[in-house]
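Residues take their numbers from the sequence shown, with the count starting at 1.
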Amino acid sequence: MKTHHHIFLTAALFVILFYDQDIGMNLGILGIVYALLTLFKTPERNRTRIFLILFVTSILSSLAFIWYRDFPSLLAVVSSILLLGYRSRNRKLKILFLVPVFIINSFTSLFRFFSFDEWLPKKNISGVWQKTLAFIVIPLVFISIFFGIYSAGSDHFASLFRDYELDINVWQLLALSVLGFFIAFNYWNYAVERFIYKKNHLLDDDFLDSSKIQKATYSFLDLDAERISGVISFFCLNILLIFFIITYNYEQFYEVSKTPVQLSEETHERVNAVIMSIVMAVLVIMFYFKSGFNFDPKAKLMKMLARIWIILNAILVLSAAVKNYEYIVSYGFTYKRLGVFAFLLLALIGLALTFIKIQRKKRNAFLFNAVPWYFYGTILACSYVNWGGIITSQNMKRKDFAVNYHLEQINFSERGLLKYADEKNDSQLKKKVLEKVKGEKGKSFLSKILYYETLKD
């Protein structure tokens, strides 16, 4: 199939799946179709290992959305399909350009739509397609546009059509058609501007040979002064961080216990301080190791001090993780407390990548190229796992289990709550849960959430 076939097919499928439906299984089905069509359309040379991994994650993310239909699974399926489409046409273009490419295309789509020669076949197409396009599609588009304009300008004109009973929501059909075509057109027919290709080399991981020549970074500092500045900075920062780790852990583990509210506030403040410290640590290392010092034979002491600083920051992250675990043991699981672990894990990954950057003499761009993939992996982990079910099952073991909180605030906790209701002979709780499940099961097929279909009434 050609590009225009993919555009019209997926636009029509979008209308069929979403007309008079809530978002549910339909988006997951659409994601699977997009992934499969992308696989078949992608030339063999672009089917790299990363592309095939993205194809698998696109299918899994779509299935996760069919099962859960929550925000993490929505974010996972959208990012997976966008990355898949991006990689299908650009093997070497860096991932950071994904966002500007699709933003630019969203604004230029109207102009590219009217450049028919660029996305419609230049040769004569078959008689059926030609007649369908000329006699039905194009006139229908113009009629729909002017119908909307005239209906808004004249109540009598609009009443001529409102008086007829048609079991079709024209406005919804028109809106879905426009949205479906907009998505399909920008997915299958996006363009990468020339200036983006020209800037792609700026994000290469490795230095050019010309960058390995030892020279001062700034005109007001010679090479020796800059090197000594780095040694002094990292030495002082290591001493400062050691004292901070000592005081940080003393406050966390040895001071008088606080009330739950005070402990919650202090825990989040300290975690924020740790994350900010890690971000600043990475930026300082990027400042000193952006060019020549990666290859400077006289910079061994500075490199050693930088590695020690990275290790000390990792110890700080682990201290915060231990305190967060202690907090969970004392007061139970919540989304925020699990989220703290996710952020601390990403902080550790950032430190590990920074260590690798120094060890393997990579450019700063190495970090910008690698970190987004770990964020993407975090999104996938959030979408594939029923964290709400885990929170509920763990908190059920506590004496202070807050039933209403888990029923109203925790997603997909119904299976655990039904088990809890049976164990406690709580008929009222069981009734509330089953009413919620019944409401979800009562939705039309394409609007369903598959998770609820596996629960017994």
Side-chain angles (χ1 to χ4, degrees), residues 10 12-37 55-81 84 169 172 176 179-180 183 333-335 338 379-396 401-457:
T10 49
L13 181 63
F14 184 88
V15 176
I16 293 170
L17 290 174
F18 287 92
Y19 177 76
D20 208 21
Q21 300 287 335
D22 294 330
I23 296 178
M25 293 179 65
N26 42 21
L27 183 59
I29 294 170
L30 186 68
I32 292 172
V33 172
Y34 264 90
L36 290 172
L37 289 177
F55 170 73
V56 173
T57 57
S58 297
I59 297 294
L60 293 177
S61 298
S62 299
L63 293 174
F65 190 85
I66 290 173
W67 189 265
Y68 292 122
R69 199 205 66 183
D70 56 358
F71 180 72
S73 59
L74 173 64
L75 196 58
V77 71
V78 170
S79 57
S80 296
I81 294 297
L84 182 68
N169 189 328
Q172 184 185 158
L176 288 174
L179 181 59
I183 294 171
F333 285 82
T334 65
Y335 284 120
L338 290 177
I379 292 171
L380 294 181
C382 290
S383 67
Y384 295 163
V385 179
N386 182 4
W387 299 105
I390 293 174
I391 290 171
T392 303
S393 64
Q394 293 300 314
N395 289 346
M396 278 168 48
F401 180 57
V403 176
N404 289 332
Y405 169 76
H406 290 79
L407 178 63
E408 298 171 3
Q409 302 295 326
I410 303 298
N411 297 326
F412 312 115
S413 60
E414 290 78 13
R415 194 185 304 278
L417 290 175
L418 287 173
K419 180 182 177 181
Y420 182 82
D422 289 335
E423 291 175 354
K424 302 296 182 180
N425 294 319
D426 191 338
S427 58
Q428 193 68 23
L429 173 61
K430 187 172 185 178
K431 182 181 177 182
K432 289 180 180 179
V433 175
L434 290 177
E435 284 178 356
K436 183 178 179 181
V437 173
K438 184 178 179 181
E440 293 292 342
K441 285 187 174 183
K443 293 181 178 180
S444 57
F445 175 74
L446 291 175
S447 303
K448 286 183 180 295
I449 300 174
L450 205 56
Y451 165 82
Y452 291 105
E453 300 301 311
T454 63
L455 299 177
K456 296 180 181 180
D457 293 336

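Taken from OG1 in T334 to CH2 in W387, the straight-line distance is 13.0 Å, to the nearest 0.5 Å. In this structure, the separation between CD1 on I29 and CD1 on I16 is 11.5 Å, given to the nearest 0.5 Å. Rounding to the nearest 0.5 Å gives a distance of 10.0 Å between CG of L446 and CD1 of I66. Between L407 atom CG and E414 atom CD the span is 7.5 Å, to the nearest 0.5 Å. One finds the CD atom of E440 at 9.0 Å from the CD atom of E453 (value rounded to the nearest 0.5 Å). Atom-to-atom distance recorded for N411:CG and R69:CZ is 10.0 Å, nearest 0.5 angstrom.
Counting only distance, with no hydrogens or angles, the side chain of S58 and the backbone of S80 share a donor-acceptor pair below 3.5 Å. With hydrogens and angles disregarded, no donor-acceptor distance shorter than 3.5 Å links the side chain of Q21 to the backbone of S444. Panel note: side chain K443, backbone K448; no donor-acceptor pair is recorded below 3.5 Å.
Aromatic ring orientation, F401 versus H406: tilted (interplanar angle from 30° to 60°). The aromatic rings of W67 and Y451 lie perpendicular to each other, with more than 60° between the two planes, well past the 30° mark.
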Exercise for the section: Would you please test Y384 and S73 for side chain to side chain donor-acceptor pair (under 3.5 Å) and show each step? Expected result: CA-CA 7 Å; Y384 295 163; S73 59; over 6 Å; no
Exercise for the section: Take F14 and T10 through the test side-chain contact (heavy atoms from CB on, under 4.5 Å) and record every step on the way to the result. Expected result: CA-CA 6 Å; F14 184 88; T10 49; over 6 Å; no
Practice task
Go through the steps to decide whether F412 and T392 satisfy the test side-chain contact (heavy atoms from CB on, under 4.5 Å), and finish with yes or no.
Solution key: CA-CA 9 Å; F412 312 115; T392 303; over 6 Å; no
Practice task
Show the numbers, then the answer: is there a side-chain contact (heavy atoms from CB on, under 4.5 Å) between L27 and F18?
Solution key: CA-CA 8 Å; L27 183 59; F18 287 92; 3.9 Å; yes
Handout entry: Derivation of the side chain to side chain donor-acceptor pair (under 3.5 Å) call for T454 and R415
Key = CA-CA 9 Å; T454 63; R415 194 185 304 278; 3.0 Å; yes
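Residue Y405 qualifies as enclosed at atom OH: its count of foreign heavy atoms under 6.0 Å is above 12. Environment of NZ in K436: crowded, with over 12 heavy atoms of neighbouring residues, nucleotides or ligands closer than 6.0 Å. Applying the 6.0 Å contact sphere to CG of L13 captures more than 12 heavy atoms from other residues, nucleotides or ligands.
Under the salt bridge (Lys or Arg N to Asp or Glu O under 4.0 Å) criterion, K424 pairs with no residue at all, not counting sequence neighbours. Residues passing the side chain to side chain donor-acceptor pair (under 3.5 Å) test with K419, sequence neighbours excluded: none.
Contact of the L434 side chain with the L418 side chain is registered, since non-hydrogen atoms from C-beta on lie closer than 4.5 Å.
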